[in-house]
Amino acid sequence: MTRFALLIRPVAADDHRSGFSDTFAETDPSAPALSVGELSTQRGDGIFESIGVVDGHAQEVGPHLERLEHSARLCDLPAPNLTQWREAIAIAASHSGPGEYVIKLILSRGVEHGPTPTAWVTLAPAADNSQARTEGIAVVTLDRGIDSEAPARAPWLLLGAKTLSYAVNMAAIREAHKRGADDAVFHSSDGILLEAPTASVVIRRGDRFVTPAPGAGILHGTTQISLFQYLSSRGFEVGYETLRTEALAEADAAWLVSSVRLAAPITSVDESSLTVDDELTAEMNAYLLSPRD
Ligand code: PLP
């Protein structure tokens, strides 16, 4: 249940005022706050970010704001003022407590014919993800139905932007559940491994960890970037590669990684089992739960 909500009046990216409190309005999270003309609800026309909060610390705020800026650019939304968003995130984080929370940033195209985009930030307790982190998840591979050249050929598909249009992603997770799995991993129609509906894929081959290149119309995961820094500090090799779908089932180990669930080891791919390294997974999650900027 959402604990805290702050409405934001977005200002220009080059507005350098000393504080943004006059652009924020706290609102009762259980009361109606949006106009029925909102294009975010009518068309899913907007972008978002989900940020993990651990013991009051909002994780990886800089990389999340960079991706918000990137999504805004792809969607022709006005560039967000990152200092304003940082201030809103700090206010939301100050309403959390011990344990894990999630802050959502939402930037919508606004109300039809309205003057500016609309924006808001929410804070809610995170779901308990301990089982996925320790016992792992079974995944099925699903065809996204578009080929690997589509992102470059058809940028209006907005592949690579974190848009509010997640109905397809949620449908893929329901399909995975119908097939008896916990989650899905998308591949392109020409067999290139992509991402999960709400997470990045990380594969281990010997002492090298790889993930699909973000240019293929997938999100560049903040958790994957941070995890690769950790793994290379431990002496492992890391890299981006174009991977065939089969690479997942053939991996020495694999994880789905994302800001709130963190590292969930994959126990099986389309019913073929994968080895889980409990110790390394626990170390990865301990790192991901430590304060990160
Ligand atoms: N890919 C998709 C489609 C996602 O929705 C997400 C996160 O929600 C990710 C990847 C992982 O991104 P992050 O690690 O920044 O949470």
Side-chain angles (χ1 to χ4, degrees), residues 44 46-54 58-71 74-75 85 89 100-107 122 124 126-127 129 132-133 137 139 141-146 150-151 157-176 182-188 192-203 209-231 238 240 243 248 254-266 284-285 287-290 292-293:
I47 56 176
F48 78 107
E49 284 294 321
S50 296
I51 302 178
V53 183
V54 182
Q59 305 279 53
E60 301 282 344
V61 170
H64 280 287
L65 287 177
E66 270 170 42
R67 193 170 59 193
L68 187 77
E69 203 174 29
H70 175 71
S71 299
L74 293 180
C75 294
W85 282 94
I89 293 166
E100 295 179 51
Y101 287 76
V102 54
I103 287 178
K104 281 201 175 196
L105 319 181
I106 291 161
L107 176 60
T122 60
N129 286 298
R133 289 175 197 161
I137 51 172
V139 304
T141 54
L142 294 181
D143 186 354
R144 193 181 246 175
I146 34 190
L157 294 178
L158 303 178
L159 299 163
K162 196 164 166 68
T163 75
L164 290 169
S165 315
Y166 260 46
V168 167
N169 303 40
M170 298 300 106
I173 294 175
R174 288 197 301 277
E175 178 63 25
D182 302 300
D183 210 333
V185 174
F186 288 125
H187 60 82
S188 64
I192 304 297
L193 190 67
L194 298 172
E195 63 185 346
T198 64
S200 314
V201 184
V202 171
I203 283 180
F209 290 76
V210 292
T211 193
I218 60 175
L219 294 190
H220 199 177
T222 61
T223 318
Q224 169 267 307
I225 297 170
S226 178
L227 187 66
F228 273 20
Q229 282 164 359
Y230 168 72
L231 290 169
V238 295
Y240 295 92
L243 298 161
L248 185 57
W255 295 262
L256 293 188
V257 304
S258 54
S259 296
V260 180
R261 190 169 58 185
L262 304 180
I266 298 179
M284 284 176 171
N285 280 313
Y287 163 74
L288 293 170
L289 283 165
S290 67
R292 292 176 292 125
D293 286 316

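Whatever order the structure lists them in is the order used to number ligands and atoms, beginning at 1.
At a threshold of 4.0 Å, the pair E60-R67 does not count as salt-bridged, since none of the basic side-chain nitrogens sits closer than that to a carboxylate oxygen.
Here the CD1-CD1 distance, from I218 to I192, works out to 11.0 Å after rounding to the nearest 0.5 Å. Of the inter-residue distances, the one linking R144 atom CZ with S188 atom OG reads 9.5 Å to the nearest 0.5 angstrom. Separation of atoms CG (L107) and CD1 (I47) is listed at 4.5 Å; rounding is to 0.5 Å.
When each of V185, V202, T223, L262 is checked for a side-chain contact (heavy atoms from CB on, under 4.5 Å) with L256, only V185 meets the rule.
Ring geometry, F228 versus Y240: the interplanar angle falls from 30° to 60°, so the pair is classed tilted.
Residue contacts with ligand 1, taken as heavy atom pairs separated by less than 4.0 Å, involve L219 solely via side-chain atoms from C-beta onward. Here A199 has backbone heavy atoms under 4.0 Å from ligand 1, and that is the only part of it that gets that close. When non-hydrogen atoms are compared, ligand 1 lies under 4.0 Å from the backbone of P197 (N, CA, C, O) but not from its side chain.
Among protein heavy atoms, the minimum distance from atom 5 (O) of ligand 1 is reached at Y166 OH, 2.5 Å. At the shortest separation from atom 16 (O) of ligand 1 among protein heavy atoms lies S259 OG, 2.7 Å.
Taking only non-hydrogen atoms, the option from R67, Q59, K162 nearest to atom 8 (O) of ligand 1 is K162.
Some N or O of T222 is nearer than 3.5 Å to an N or O of ligand 1, by distance alone. On a distance-only criterion, T223 and ligand 1 share at least one N/O pair closer than 3.5 Å. Of the polar atoms of Q224, none of the N or O atoms is found under 3.5 Å from an N or O of ligand 1, judged by distance alone. Backbone and side-chain nitrogen or oxygen atoms of E195 are examined, and one is located within less than 3.5 angstrom of a nitrogen or oxygen of ligand 1. Between S258 and ligand 1, not a single N/O pair is under 3.5 Å apart.
For S200, the heavy-atom gap to ligand 1 drops under 4.0 angstrom. At least one heavy atom of A196 sits closer than 4.0 Å to an atom of ligand 1.
Shortest non-hydrogen contact noted between N169 and P197 is ND2-O, 2.8 Å.
With hydrogens and angles ignored, the 3.5 Å screen pairs no side-chain donor or acceptor of T163 with any backbone N or O of G46.
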List the steps and the verdict of side chain to side chain donor-acceptor pair (under 3.5 Å) for T198 and Y166.
CA-CA 9 Å; T198 64; Y166 260 46; over 6 Å; no
